[in-house]
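Beneath this line is the structure, given in structure tokens, with notes to follow.
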Amino acid sequence: MLCLMACMLSGCIEEYEAVISIDDTDLLVVEGTIHPGENTFILSRTQPLNSTDKYQMVRRAEVSVRGSDGSEYMTKHVYDNYSCQIDFLAPDVEYYLHIEVDGEVYESEPQKPLRTEGITEVIGVQNTPESNIDVLITPDAPFEPDKTHYYSWTYDETWEVRPEYTTRVYFDVEIMKAVNKPDQFPKCGWKDATVRTIMVGASLNYEGQHIQRLKSYDIDCGNERVFHKYSGLVHQRAISKAEYEYELARRQAGSEMGGLFTPLPSALPTNIHCLTSSKHVIGFVGCSFNTTEYRFFLDAEDFSIRRPQKEDRRTWFDDTSDADCLQMVNEGKYLCVWEDNRMVPGGKLRTAWATESMLDVRYKGAYIERPDFWPVEEDDENNEDE
């Protein structure tokens, strides 16, 4: 009996290669949203599972945004994008995306642009000293409180970066002493990131259909982004129930890719159809009257931040000679610490030296031009006055 069970169990551990219909490869994939401003659409095609490329970009297509009032906005193909500028969308006009490629015609379902409420607040909350920082969003009260509302959010990030070490002195080889030079390296820098992940939410379980403090994303408390000061710019867009369901299904398919019950690409909901054949299409083209934004800041002092412990990488001399100083300068190192106690009996000169990469944030991939939206600290204002 045990032998039989062992044989049965061993027989279950085999590689499984899914058999996917040819109809689920070479499918057109459409990404983009119709809205006022610069509209960008990305067209690609699905590839077989054994292909090294998941998608193949479509570069020879005619793409336009059309309206039920006869308006049309032709896109231009730039790199892998199809883009057009739309200054205004009429609230009573239905808009759709029209695509002509490889002898086929595709169109998204016509829809009126959805109005988007503003954002009341975006805050960061850390439930325990060890937990991540949750970013919670509260939209303004909905225009129609008797209906369920659906939203999507994306965000851009900017965070402050500081050097590994700072110095306010400089070694002058002519006088063989330290001189004050606090501005030889930038005090800090900044990094940016654009997050392409789309978060979605529904107001169904909220009183008055008003979403309150919905978690949109979180930040690891040990991540460089929150070591000092962090800013996020949240973009909010009202979406239809159908687009909401598409985003949920797409996320589920992405997280379960390769699973036994993973839906095939052609099973994903879509509002884009081929008018000239029965070919499936992947994607959903939404239509928004406007997009609202909200910028928020997180200060490290308000949270429990887990910074990594690093050993001191500077070069130290407890009894520094002139030859030691010249050697450090010749090696391209900069003076960080100058503790001169030689005026007292038995006193010595203690120094520390660092490389330029330890002192300049640009070596960390940061830029040093302060963003326009970044608040000026009091110390910075005093330095500018000086």
Side-chain angles (χ1 to χ4, degrees), residues 27-46 55-102 104-116 149-154 196-200 202 235-251 253-254 265-292:
L27 300 181
L28 181 65
V29 181
V30 182
E31 301 176 65
T33 301
I34 300 171
H35 61 88
E38 183 72 17
N39 285 240
T40 300
F41 304 96
I42 301 175
L43 306 186
S44 59
R45 289 193 182 278
T46 57
Y55 296 103
Q56 181 181 11
M57 306 310 297
V58 175
R59 296 184 172 88
R60 294 184 179 180
E62 292 186 7
V63 182
S64 63
V65 175
R66 298 182 177 183
S68 58
D69 61 348
S71 58
E72 182 174 13
Y73 304 89
M74 293 298 301
T75 66
K76 293 183 179 179
H77 182 216
V78 181
Y79 298 108
D80 290 332
N81 300 333
Y82 294 85
S83 302
C84 66
Q85 178 71 28
I86 301 178
D87 296 330
F88 174 78
L89 293 180
D92 295 327
V93 173
E94 294 184 327
Y95 296 91
Y96 59 96
L97 190 66
H98 179 88
I99 304 169
E100 297 181 18
V101 59
D102 297 333
E104 304 282 6
V105 178
Y106 304 84
E107 286 186 351
S108 63
E109 295 175 5
Q111 54 192 313
K112 293 181 180 180
L114 294 174
R115 291 191 303 159
T116 301
H149 298 272
Y150 304 91
Y151 303 92
S152 73
W153 296 279
T154 58
R196 298 190 180 279
T197 302
I198 299 175
M199 290 75 64
V200 294
H235 311 275
Q236 176 174 279
R237 185 171 64 86
I239 61 177
S240 64
K241 181 181 179 181
E243 185 173 357
Y244 171 77
E245 293 173 344
Y246 165 76
E247 289 295 341
L248 289 182
R250 185 169 68 97
R251 182 173 302 181
S266 58
L268 292 175
T270 180
N271 72 338
I272 311 168
H273 306 286
C274 183
L275 304 183
T276 50
S277 71
S278 60
K279 288 187 176 181
H280 295 293
V281 188
I282 300 175
F284 199 105
V285 177
C287 186
S288 299
F289 185 76
N290 64 308
T291 300
T292 54

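Since the model is a prediction, treat every value here as computed from it, not as a measurement.
Residues Ile198 and Ser152 are in side-chain contact: their nearest non-hydrogen atoms beyond the backbone lie under 4.5 Å apart. Contact check for Ile272 versus Leu97: no side-chain heavy atoms found under the 4.5 Å cut-off. Between Arg59 and Asp80, the closest side-chain pair of non-hydrogen atoms falls below 4.5 Å. Side-chain contact check for His280 versus Ile282: every heavy-atom pair is 4.5 Å or farther apart. Looking at heavy atoms from C-beta onward, Glu243 lies in side-chain contact with Arg237 at the 4.5 angstrom threshold. Counting only heavy atoms from C-beta outward, the side chains of Pro36 and Phe88 never approach each other to under 4.5 Å. Within the 4.5 Å cutoff, the side chain of Leu28 has heavy atoms near those of the Arg45 side chain. Put simply, the side chain of Pro269 does not reach to within 4.5 Å of the side chain of Phe284, judged on heavy atoms.
Legend: residues meeting ring pair (Phe, Tyr, Trp, His ring centres under 6.0 Å) with Tyr244, ordered by chain and number and at least two apart, are Tyr150. Applying the side chain to side chain contact (heavy atoms under 4.5 Å, CB included) criterion to Glu245, with sequence neighbours excluded, gives Lys241. With sequence neighbours excluded, the residues that form a ring pair (Phe, Tyr, Trp, His ring centres under 6.0 Å) with Tyr151 are Trp153. Remark: His235 pairs with no residue by the ring pair (Phe, Tyr, Trp, His ring centres under 6.0 Å) rule, at least two apart or across chains. For Glu94, there are no side chain to side chain donor-acceptor pair (under 3.5 Å) partners at least two apart in sequence or on another chain. Contacts of Glu31 classified as side chain to side chain donor-acceptor pair (under 3.5 Å), with partners at least two apart in sequence or in another chain: none. For Asn290, the side chain to side chain contact (heavy atoms under 4.5 Å, CB included) partners two or more places apart in sequence, or in a different chain, are Arg115, Thr116, Thr292. Applying the ring pair (Phe, Tyr, Trp, His ring centres under 6.0 Å) criterion to Tyr82, with sequence neighbours excluded, gives His77. By the side chain to side chain donor-acceptor pair (under 3.5 Å) test, Ser68 pairs with no residue at all, sequence neighbours left out. Annotation: side chain to side chain donor-acceptor pair (under 3.5 Å) contacts of Thr276 (sequence neighbours excluded): Glu104. Ile86 pairs by the side chain to side chain contact (heavy atoms under 4.5 Å, CB included) definition with Ile34, Asn39, Val65, Tyr73, Cys84, Leu89, not counting sequence neighbours.
Among pairs with a residue in residues 64-76, those fulfilling salt bridge (Lys or Arg N to Asp or Glu O under 4.0 Å) read Arg66-Glu72, at least two apart in sequence or across chains.
In the model, Glu62 has no side-chain atom that pairs as donor or acceptor with a side-chain atom of His98 under 3.5 Å.
Note that CG of Leu27 and OG of Ser44 are 10.0 Å apart. Values are rounded to the nearest 0.5 Å. For the atom pair CD1 of Ile99 and CD of Glu107, the computed distance is 9.0 Å after rounding to the nearest 0.5 Å. Here the CG atom belonging to Leu43 is positioned 8.0 Å from the OG1 atom belonging to Thr75, to the nearest 0.5 angstrom. A distance of 11.5 Å separates OG1 in Thr270 from CZ in Arg250, rounded to the nearest 0.5 Å. Atom OH of residue Tyr96 and atom CG of residue Asn271 lie 13.5 Å apart, to the nearest 0.5 angstrom. The distance from the OH atom of Tyr106 to the OG atom of Ser277 is 5.5 Å, given to the nearest 0.5 Å.
Across Ala238 and Ser288, no two heavy atoms sit closer than the pair O-OG, 3.6 Å. Taking both residues in full, the closest heavy atoms of Tyr246 and Gly283 are given as OH-CA, 3.4 Å, listed atom of the first, atom of the second, then distance.
For the pair Asp102 and Lys279, the salt-bridge criterion is not met [side-chain N within less than 4.0 Å of a carboxylate O].
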